[in-house]
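Hydrogens, waters and symmetry mates play no part in the numbers below; they use all other heavy atoms, side chains included.
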Amino acid sequence: MTTTVKDMLHTYPADLGGVDPAALERCIEECAACAQACTACADACLAEGAVGDLTRCIRTDMDCADICAATASVLSRHTGYDVHVTRAQLEACATVCAACAEECERHADAHEHCRVCAQACRRCADACRALLRTLA
């Protein structure tokens with residue numbers, strides 16, 4: 001199945017700088033999906049009756065959503081590529097995704113949206129780490 005991410009990577013007119021295109025595609029897609037899941041989870045937490053008990057979860061969701069969205073953007077730009085910036089962004093993304101997954105897992109038994117969000121965070125962290133392993 002082709003995706004917009006894959007299509008855009010294939011249309012880039014220059015070399016991607018030795019980056020594994022399959023790992024890059026997966027990482028961009030997982031970052032975008034995680035940003036959406038975290039945004040939706042934070043919003044769902046706000047709609048819960050015991051919203052005060054979910055303050056840390058909401059904050060972590062919002063931080064994770066922002067960092068995932070920024071990571072997807074950084075990974076989508078290749079002109080003037082700097083591996084050091086990419087590494088730092090991927091490491092930050094993997095770190096926040098792991099923290100968010102842990103926080104959401106604390107609430108997963110009571111809130112299905114937290115369970116779904118934790119899974120998205122774990123997939124994104126894995127994709128970031130996988131792409132990191134391929135960078136020169």
Side-chain angles (χ1 to χ4, degrees):
M1 174 167 67
T2 63
T3 65
T4 301
V5 173
K6 185 176 189 172
D7 290 345
M8 290 306 294
L9 289 173
H10 285 295
T11 64
Y12 188 69
D15 180 43
L16 292 175
V19 176
D20 177 347
L24 179 60
E25 176 188 349
R26 176 177 172 240
C27 195
I28 293 169
E29 288 174 348
E30 293 295 353
C31 285
C34 191
Q36 188 280 328
C38 288
T39 298
C41 187
D43 186 63
C45 285
L46 288 169
E48 294 289 350
V51 69
D53 297 336
L54 297 169
T55 302
R56 183 179 172 126
C57 190
I58 294 165
R59 170 61 192 262
T60 307
D61 281 337
M62 293 170 60
D63 289 347
C64 192
D66 288 346
I67 291 172
C68 287
T71 302
S73 292
V74 167
L75 295 176
S76 296
R77 294 188 290 263
H78 307 286
T79 303
Y81 170 75
D82 183 335
V83 71
H84 302 294
V85 171
T86 301
R87 279 186 193 281
Q89 190 66 38
L90 287 168
E91 289 168 359
C93 193
T95 299
V96 76
C97 285
C100 193
E102 288 176 20
E103 180 61 31
C104 281
E105 285 167 353
R106 288 186 183 102
H107 309 284
D109 289 341
H111 305 292
E112 182 70 7
H113 53 84
C114 286
R115 184 191 64 74
V116 172
C117 187
Q119 290 174 342
C121 289
R122 294 277 182 219
R123 285 190 306 270
C124 188
D126 289 346
C128 287
R129 289 185 198 109
L131 183 57
L132 270 166
R133 286 190 297 271
T134 72
L135 297 180

Notebook entry, point to check: Can you name the side chain to side chain contact (heavy atoms under 4.5 Å, CB included) partners of Arg122, sequence neighbours left out?
Noted result: Ala98, Ala101, Glu102, Glu105
Margin query: Check this for me: does any side-chain nitrogen of one of Asp126 and Arg123 sit under 4.0 Å from a carboxylate oxygen of the other?
Written below: no
Next item on the list: For Leu135 and Val19, work out which heavy atoms get closest and say how close.
Entry: CD2-CG2, 4.2 Å
Next item on the list: Measure the NE2-OG1 distance between His84 and Thr86 for me, rounded to the nearest 0.5 Å.
Entry: 10.0 Å
Check: What heavy-atom pair brings Thr39 and Ala65 nearest, and what distance separates the two atoms?
Finding: OG1-CB, 3.5 Å
Check: What distance do Asp63 atom CG and Cys97 atom SG have between them, rounded to the nearest 0.5 Å?
Finding: 11.5 Å
Next item on the list: Taking side chain to side chain contact (heavy atoms under 4.5 Å, CB included) as the test, write out the residues that go with Ala130, two or more places apart.
Entry: Arg26, Arg133
Notebook entry, point to check: How far apart are the closest heavy atoms of Leu131 and Ala23, and which atoms are they?
Noted result: CD1-CB, 3.8 Å
Next item on the list: Give every residue pair that meets the salt bridge (Lys or Arg N to Asp or Glu O under 4.0 Å) criterion with at least one member in residues 35-58, sequence neighbours excluded.
Entry: Arg56-Glu103
Notebook entry, point to check: Can you tell if the side chain of Cys45 reaches within under 4.5 Å of the side chain of Cys114, non-hydrogen atoms only?
Noted result: yes
Next item on the list: Give a yes or no on whether Val83 and Leu9 share a hydrophobic cluster (residues Ile, Leu, Val, Met, Phe, Trp, Tyr; joining criterion: side-chain heavy atoms under 4.5 Å apart).
Entry: yes
Note to self: Quick check for you: to the nearest 0.5 Å, what is the distance between Glu29 atom CD and Cys34 atom SG?
What the structure shows: 14.0 Å
Item checked: Inter-residue atom distance Cys104.SG - Leu54.CG, 0.5 Å rounding -> 9.5 Å
Check: Is the shortest heavy-atom distance from the side chain of Cys68 to the side chain of Cys38 under 4.5 Å?
Finding: no
Margin query: Before you tell me yes or no, could you show the steps for Leu75 and Leu90 under side chain to side chain contact (heavy atoms under 4.5 Å, CB included), namely the whole-Å CA-CA distance, both residues' side-chain angles and the distance that decides it to 0.1 Å?
Written below: CA-CA 9 Å; Leu75 295 176; Leu90 287 168; 4.0 Å; yes
Next item on the list: Could you pull out the closest heavy-atom pair between Asp61 and Cys117, with the gap in Å?
Entry: OD1-SG, 3.6 Å
Note to self: If you apply the rule side chain to side chain contact (heavy atoms under 4.5 Å, CB included), what do you find for Cys31 with Ser73, and how did you get there?
What the structure shows: CA-CA 9 Å; Cys31 285; Ser73 292; over 6 Å; no
Checklist line | Chi angles and distances behind the side chain to side chain contact (heavy atoms under 4.5 Å, CB included) call for Asp109, Arg115 | finding: CA-CA 7 Å; Asp109 289 341; Arg115 184 191 64 74; over 6 Å; no
Item checked: Backbone N/O of Ser76 and side chain of Tyr12: donor-acceptor pair under 3.5 Å -> no
Checklist line | Exercise: identify the closest heavy-atom pair between Cys93 and Ile67 | finding: CA-CG2, 3.8 Å
Next item on the list: Check whether Leu24 and Tyr81 end up in the same hydrophobic cluster, where Ile, Leu, Val, Met, Phe, Trp and Tyr are linked by side-chain heavy atoms less than 4.5 Å apart.
Entry: yes
